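So you know, we letter chains A, B, ... as the sequences are listed, proteins then strands, and number each from 1. Since the structure is predicted, the reported quantities are computational estimates derived from the model, not experimental observations.
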Protein chains: 2
Amino acid sequence: MAPKIVDRQAKRERIVGAAITVFAQKGVANTKMIDIAKEAGIGKGTLYEYFRNKEDIFASAYDTMNRDMEQKIAAILSEQTHPARQLQMIFEYSLDYFSREAVEFSSVMMDFWAEGIRRKSPEMMGVINLKEIYDRYRVIIAGIVRKGQEQGLFIDVDAVSYASLAIGALDGLLLQLVMSPELIDITRMKTTFKQTMIQCLEK
Amino acid sequence: MAPKIVDRQAKRERIVGAAITVFAQKGVANTKMIDIAKEAGIGKGTLYEYFRNKEDIFASAYDTMNRDMEQKIAAILSEQTHPARQLQMIFEYSLDYFSREAVEFSSVMMDFWAEGIRRKSPEMMGVINLKEIYDRYRVIIAGIVRKGQEQGLFIDVDAVSYASLAIGALDGLLLQLVMSPELIDITRMKTTFKQTMIQCLEK
DNA sequence: TTTTATTGACCGACGCGTCGGTATTAATAT
DNA sequence: ATATTAATACCGACGCGTCGGTCAATAAAA
């Protein structure tokens, strides 16, 4: 009259972790349910006790990875108050993160993008709302720029365009990093970022 | 004792054109062989008389789209000699191209990227060599920057990093354009590009 | 008639999700 | 203590739909 007790939340997280590992190795599209199950050390059927379907695991993994990133950005913003420094920190952190910590992360993220793009037109339940994520980052960067302008520190550039450009540059670099890691010198890239994206902003 | 005569080259091109149309409508991954055949107005089996497999059609479509882009870049370079103007023209042209043909071209291109990324690690015969394409563009942009530096027009920034950054920015913007077309104002973006990516370069 | 082009019915591999059955645990009775 | 029981966790063989690629038959041109 009493069931086996399992920490379902913890197990969900373990499965998501396993999924991310496999995604990194084989690519999201080429990952089979059985691959995730094996990595998590459980049977395929058990996956369906914790997730409705493949899509569901996919979305959970995406959420997890994205929450990580946003928390770190938030931390940076609270450490620094000078707009130019905030931008610089965000750029440098992103570059570091992409290159050093996250060869894994990067290619998985690329897969998520590809999926997100593929799902934009059909009335798919937008499990992965890429647009929303972009909007959020755009708001953050544009906010910093506007603050700098109000303080008379930055030139009069369109804050939203600048934010789109900066986010685009980071994403695009991630793309190239995944393709040719040997070609992108992070240290130099940081300098170049500062020389172009930041110094030109300052009066 | 004489067969039906067909212009095989022309028919291949027709098929590739049909493929691109369908890719734009349904996304590369969701396009079935039968969809391409129907769009081209031929039977499914006939596809295999002109292409070895799906991969082959895919690669041909990619080549076609890419050759278009490169030819236009080359034309720009021959029209302009001033380095800063060359960069500006390339940026503006790319932005125009992306925005004008965003729906069709852009989302198909994103699919190609996603595929290219997915195929980087396994010893797949690199039908779609994304790395090579990137290298080519990088060489072009970096070359312009170096020329500007030699002429004493540009500041001393690392040409390769700059090129990666610029290409990244364009790609990343394309990504955002696909996601939220309404958010990206091309005219403003051109101005911002000039204010950040070009003016900061000039002494 | 011969040669080539075209076709779509067919095949088989593949992978998602299900389902019937098994294993494990904890409350309860003895 | 220990047997009993009930609720839940776990599993993997299998069903079924999907889709890339093949091939035997057909059409058309010369």
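Salt-bridge annotation for A/D35 and A/K38: absent, with no side-chain N of the basic residue lying under 4.0 Å from a carboxylate O of the acidic one.
Atom CG in A/L47 sits roughly 15 Å away from atom P in C/dG15 (whole-Å rounding). Computed from coordinates, the B/I34 CD1 to C/dT7 P distance equals 10 Å when rounded to whole Å. Between B/K38 atom NZ and D/dC19 atom C1' the separation is 13 Å, expressed in whole Å. Atom NZ in A/K54 sits about 12 Å away from atom C1' in C/dC14, given to the nearest Å.
Within the 4.0 angstrom heavy-atom criterion, only backbone atoms of the sugar-phosphate kind lie near A/I42; the bases stay farther away. As judged by a 4.0 angstrom heavy-atom cut-off over every strand, B/K11 is placed among residues touching the sugar-phosphate backbone only.
Map B/G41 and A/G45 each onto its nearest nucleotide of DNA chain C; the residue landing nearer the 5' end is B/G41.
Candidate nucleotides D/dC19, D/dC11, D/dA13 were compared by shortest atom distance to the side chain of B/K32, and D/dC19 ranks first. Among the nucleotides D/dG20, D/dC10, C/dG17, the one closest to any side-chain atom of A/E49 is D/dC10.
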May I have the list of side-chain donor-acceptor pairs in residues 190-200 of chain A shorter than 3.5 Å, sequence neighbours left out?
unit_1	atom_1	unit_2	atom_2	d
A/K190	NZ	A/D96	OD1	3.0
A/K190	NZ	A/D96	OD2	3.1
A/T191	OG1	A/T187	O	3.3
A/T192	OG1	A/R188	O	2.9
A/T196	OG1	A/T192	O	2.9

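Residue B/Q86 forms a side-chain contact (heavy atoms from CB on, under 4.5 Å) with just one option from B/I141, B/V145, B/I144, and that option is B/I144.
In this structure, A/R8 does not reach the D/dT8 phosphate: none of its side-chain N or O atoms is under 4.0 Å from OP1 or OP2. Contact annotation: B/T46 reaches the phosphate of C/dT7 (side-chain N/O to OP1 or OP2, under 4.0 Å). Contact between the side-chain N/O atoms of B/Y50 and the OP1/OP2 oxygens of C/dT6 is found at a separation under 4.0 Å.
For the residue pair B/S164 and A/Q176, the shortest heavy atom distance occurs at O-NE2, 2.8 Å.
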